[in-house]
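Following: one structure in structure tokens, then a few remarks.
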Amino acid sequence: MEETTTAITAVKQEVQLRDWAARIAPQQASGMTVQRWCAENGINPKTYYYHLRNIREKCVASAPVIVP
């Protein structure tokens with residue numbers, strides 16, 4: 001049962017990560033400040049930055065290691 005719960009949680013987190021990536025991309029393409037874009041889209045800027053940090057951490061974690 002625990003394995004199933006862990007798998008479901010991982011899928012849920014992945015879906016949430018993709019949803020937020022889809023929300024963040026238009027902001028970055030808009031040329032607006034994060035504050036203004038969030039105000040126009042009804043998103044708390046702290047929530048925006050929280051999810052942006054999670055996306056960046058996931059990208060860094062999955063990036064290949066650079067060996068000098």
Rounded to the nearest 0.5 Å, how far apart are CD of Gln28 and CZ of Arg23?
14.5 Å
Return the CH2 to CD1 distance between Trp20 and Ile43, rounded to the nearest 0.5 Å.
4.5 Å
Close side-chain approach of Glu14 to Val11, heavy-atom, < 4.5 Å
no
Can you tell me how far the CZ atom of Arg56 sits from the CG atom of Leu52, to the nearest 0.5 Å?
4.0 Å
I need the minimum non-hydrogen distance between Ile55 and Ile24, along with the two atoms involved.
CD1-CD1, 3.6 Å
What heavy-atom pair brings Ala22 and Pro26 nearest, and what distance separates the two atoms?
O-CD, 2.9 Å
Just one of Thr33, Val34, Asn41 clears the side-chain contact (heavy atoms from CB on, under 4.5 Å) bar with Trp37, so which one?
Asn41
Spatial distance of atom CD (Glu57) from atom CG (Leu17) [nearest 0.5 Å]:
10.0 Å
Nearest 0.5 Å, please: how far is OG in Ser30 from CD in Glu40?
8.5 Å
Check the pair Asp19 / Gln16 against side-chain contact (heavy atoms from CB on, under 4.5 Å), numbers first and verdict last.
CA-CA 5 Å; Asp19 286 348; Gln16 186 179 39; 5.5 Å; no
Would you say the side-chain atoms of Gln27 pair up with the backbone N or O of Met32, donor to acceptor, closer than 3.5 Å?
yes
